[in-house]
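Structure, as structure tokens:
Numbers here are sequence positions counted from 1. When a ligand or atom number is given, it counts from 1 through the structure's own listing order.
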Amino acid sequence: MAPAITDGFHLVVDALKLNGLDTIYGVAGIPITDLARLAQAEGMRYFGFRHEQSAGYAAAIAGYLTRKPGICLTVSAPGFLNGMVALANATTNGFPMIQISGSSDRAIVDLQQGDYEELDQMNAAKPYAKAAFRVNRAEDIGIGIARAIRAALSGRPGGVYLDLTADVLAATIDSRAASESLVQVVDPAPPRIPSPESIERALKLLAAAERPLIILGKGAAYAQADSDLRAWIETTGIPYLPMSMAKGLLPDDHPQSAAAARSFALSQADVVMLIGARLNWLLAHGKGSQWNERVRFVQIDIEPTEMDSNRPIAAPIVADIGSAMRCLLDAARPGRIKPNREWLEQIASRKRQNIERMQARLSANPDPMNFYSALRAIRDVLAGRPDIYVVNEGANTLDFGRNIIDMYEPRKRLDSGTWGVMGIGMGYAIGAATASGKPVVAIEGDSAFGFSGMEIETICRYGLPIVVAVFNNGGIYRGDDANRSGGSEPSPTTLMKNARYDKLIEAFGGAGYHASDTESLGKALTDALASGRPALINCVIDPTAGTESGHIQNLNPKSSLSDSKQRGDAG
Ligand code: ADP
Ligand code: MG
């Protein structure tokens, strides 16, 4: 009797399932169409997108939420490259993801003989991925997927590229040899236990501090050590600042949150304890006018080379956050760490002042709406629904959204992240909805929405409980910029002010709402969430609201020449 045989397609699906990976986000086409079909036939979930970038973002955020690598499946060359932005974004943010791409005939690709969708994909992926592998023999599929899983999850998580040639997918292999070639990865994200010395060094520094401050980053959120983290903050009494995706690790109305006194706290703290947060641009690299010149740092990070990356770290703790928190809690004698009472009072009084000022802005009801009033309407609805995921991108929509929308549960806020990338909106929303089964509200600038807007067809096709609120101020940053030549073509930052984004979703059977005031916005959001169905709310925002580049104007270089000089001859 001839031996039973299987092929590369089946082996890939078997290898993924063996490792508990049950969902694929992708775009079908040559040479992976049958892989997608087979995965679905074998009980995996397959979500088909309209663009690989969004599929990749969905996979990345699913990885962040589940601590299993999110799988993105792409076709060769152009599809592969479309997915690469999402893979690079995953690597930059530390989200575990594997992009699996089919690729064309290596013999032709390597001699550059002009194959269909010809590209040396593995080498193209390397600079953007935590690791990149290519499988050249069907019997290596099991090992290839095992290596990809381990690379994505261990240490600082990241994006991994796995190249599967068309030949390998189609190759047949003896069934017994095939099943023996599969690998079930044991302990893919081993804990990293901190040295006792590093714990003692950190405790000493914190005990000597007068004005200590904790900064929580999304690494702390990813670690899912929520109760130990909270215990650490509450037993030490140290005030804390959440980075945007760490909001909700402790509820934003926690008395120790210094978020409403952020600038004050950063400028005065004498010891800052970074927990899963990097001293990158989002924290002004730990120096400059925002910071106390003599601040010293404790940093907990799983990645040893993160230490001293921007500022000297006086007390590095190289460890996973769960293990580090347990060691710190065990080692800290009660009362050893005690922030100055005056420090806590100063923060509390700053908070009161700033909250009052914010309250005044939030309670205004301008016509048309501005960012404050529209976000207040959304905030009021979401306050009763802490289970809802919030996706947020844009410039002003992002900056104001981060400050105005309070979060009460861990890992519920998903936003542009470390790269400040625009276009994550629909991908993250779909990834969060499919990975959690929970509703999602995506608060989108009108420009940001445009990068992934076609995925509302995907949302409607799968009937996902996603409500998209498009903050329509008719432009990038603002909607009132003029063409400086005096000509009639729109300015570089102008979008269509009277666009009816709500009509887009109606084309796919979703519910469209047009909200020109806070009352209709609040009602639209309430109704849409109650329906549990796809919806899009076109929120009419004052085109003169918003500032160029939002809160990061300092990063936007400006021409020092006058307008007339810029116009040159035309002036
Ligand atoms: P944020 O943007 O919120 O400040 P970052 O992405 O800059 O957060 O930093 C997250 C940090 O957390 C990264 O340096 C990463 O290495 C680290 N990290 C991720 N997961 C863990 C973990 N389980 N334990 C410890 N550190 C982690
Ligand atoms: Mg806009």
Side-chain angles (χ1 to χ4, degrees), residues 63-64 67 89-96 130 153-158 189-194 215-225 228-229 241-247 249 274-286 299-307 309-310 313 316-325 370-371 374 393-398 400 402 411 413-420 422 443-450 470-481 493-497 499 501 539-550:
Y64 169 71
R67 292 169 63 98
N89 181 62
T91 304
T92 305
N93 281 281
F95 299 155
K130 186 178 169 192
L153 285 176
S154 59
R156 173 187 287 167
R192 184 161 186 148
I193 313 296
I215 297 182
L216 299 174
K218 60 173 130 41
Y222 178 79
Q224 298 196 11
D228 282 343
L229 206 64
L241 289 177
M243 300 299 287
S244 67
M245 284 179 61
K247 277 165 67 77
L249 266 180
L274 298 158
I275 307 184
R278 285 172 281 186
L279 278 180
N280 55 18
W281 67 280
L282 287 156
L283 287 168
H285 306 280
Q299 181 163 26
I300 308 177
D301 205 293
I302 200 160
E303 175 61 57
T305 58
E306 187 55 40
M307 306 300 167
S309 62
N310 285 267
I313 302 300
I317 301 178
V318 176
D320 72 278
I321 286 160
S323 302
M325 292 331 296
N370 61 15
F371 290 95
E393 63 173 333
N396 293 280
T397 309
L398 177 73
F400 287 106
R402 183 172 53 235
R411 294 169 292 282
R413 184 185 159 84
L414 313 169
D415 67 25
S416 300
T418 307
W419 248 7
M422 295 300 121
I443 308 170
E444 301 273 311
D446 50 351
S447 162
F449 173 69
V470 177
F471 275 37
N472 184 355
N473 68 346
I476 302 174
Y477 311 130
R478 296 165 66 99
D480 62 346
D481 199 22
T493 60
T494 299
L495 298 169
M496 290 182 77
K497 189 165 67 195
Y501 293 101
C539 309
V540 182
I541 308 285
D542 186 348
T544 68
T547 46
E548 177 143 338
S549 308

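Taken from CH2 in Trp419 to OG1 in Thr91, the straight-line distance is 8.0 Å, to the nearest 0.5 Å. In this structure, CD1 on Ile443 lies 7.5 Å from CZ on Arg413, to the nearest 0.5 angstrom.
Between the side chain of Asp320 and the backbone N or O of Arg192, at least one donor-acceptor pair lies under 3.5 Å. Using modelled atom types, no side-chain atom of Asn396 and backbone atom of Ala545 make a donor-acceptor pair closer than 3.5 Å. Between the side chain of Asn473 and the backbone N or O of Thr544, no donor-acceptor pair lies under 3.5 Å. A distance-only check finds a donor-acceptor pair linking the side chain of Lys130 to the backbone of Arg156 [under 3.5 Å]. Lys247 contributes a side-chain N or O that, together with a main-chain N or O of Arg402, makes up a donor-acceptor pair within less than 3.5 Å. In this structure, the side chain of Asn472 does not engage the main chain of Asp446 through any donor-acceptor pair within 3.5 Å. Side chain of Glu306 to backbone of Ala277: no donor-acceptor contact under 3.5 angstrom is found.
With hydrogens left out, the protein atom closest to atom 10 (C) of ligand 1 is Gly276 O, 3.0 Å, a heavy atom. For atom 4 (O) of ligand 1, the closest non-hydrogen atom on the protein side is Met243 CG, 3.3 Å. Closest to atom 3 (O) of ligand 1, if we only count protein heavy atoms, is Lys218 N, 2.7 Å. Of the protein's heavy atoms, Ile302 CG2, 3.7 Å lies nearest to atom 27 (C) of ligand 1. Distance from atom 24 (N) of ligand 1 to its nearest protein heavy atom, with residue and atom name: Ile321 N, 3.0 Å. With hydrogens left out, the protein atom closest to atom 23 (N) of ligand 1 is Ala223 CB, 3.7 Å, a heavy atom. The nearest protein atom to atom 19 (C) of ligand 1, hydrogens excluded, is given as Gly219 CA, 3.6 Å; this is a heavy-atom distance. Nearest to atom 13 (C) of ligand 1 among the protein's heavy atoms is Asp301 OD2, 3.3 Å.
Residue Tyr222 approaches ligand 1 through these ligand atoms, each under 4.0 Å from one of its heavy atoms: 20 (N). Interface atoms of ligand 1 facing Thr418, defined by a heavy-atom separation under 4.0 Å, are 6 (O).
By the salt bridge (charged side-chain N to carboxylate O under 4.0 Å, His left out) test, Arg478 pairs with Asp480, sequence neighbours left out.
Side chains of Ser309 and Glu303 form no contact here, defined as non-hydrogen atoms less than 4.5 Å apart. Under the 4.5 Å side-chain criterion, counting only non-hydrogen atoms from C-beta, Ser447 is in contact with Leu495.
For ligand 1, one of its N or O atoms has an N or O atom of Arg156 under 3.5 Å away. Checked by distance only, ligand 1 and Arg278 come closer than 3.5 Å through their nitrogen or oxygen atoms.
Evaluated for a side chain to side chain contact (heavy atoms under 4.5 Å, CB included) with Leu283, the options Asn310, Leu241, Leu274 yield exactly one hit, Leu274.
If you look at Asn280 next to ligand 1, the close heavy atoms, those under 4.0 Å, all belong to the side chain. At a heavy-atom cutoff of 4.0 Å, ligand 1 is contacted by no atom of Leu283, backbone or side chain.
The closest approach between any non-hydrogen atom of Ala319 and ligand 1 is below 4.0 Å.
Excluding waters, the protein N/O/S atoms found under 2.8 Å from the Mg ion (ligand 2) are Asp446 OD1, Asn473 OD1, Gly475 O.
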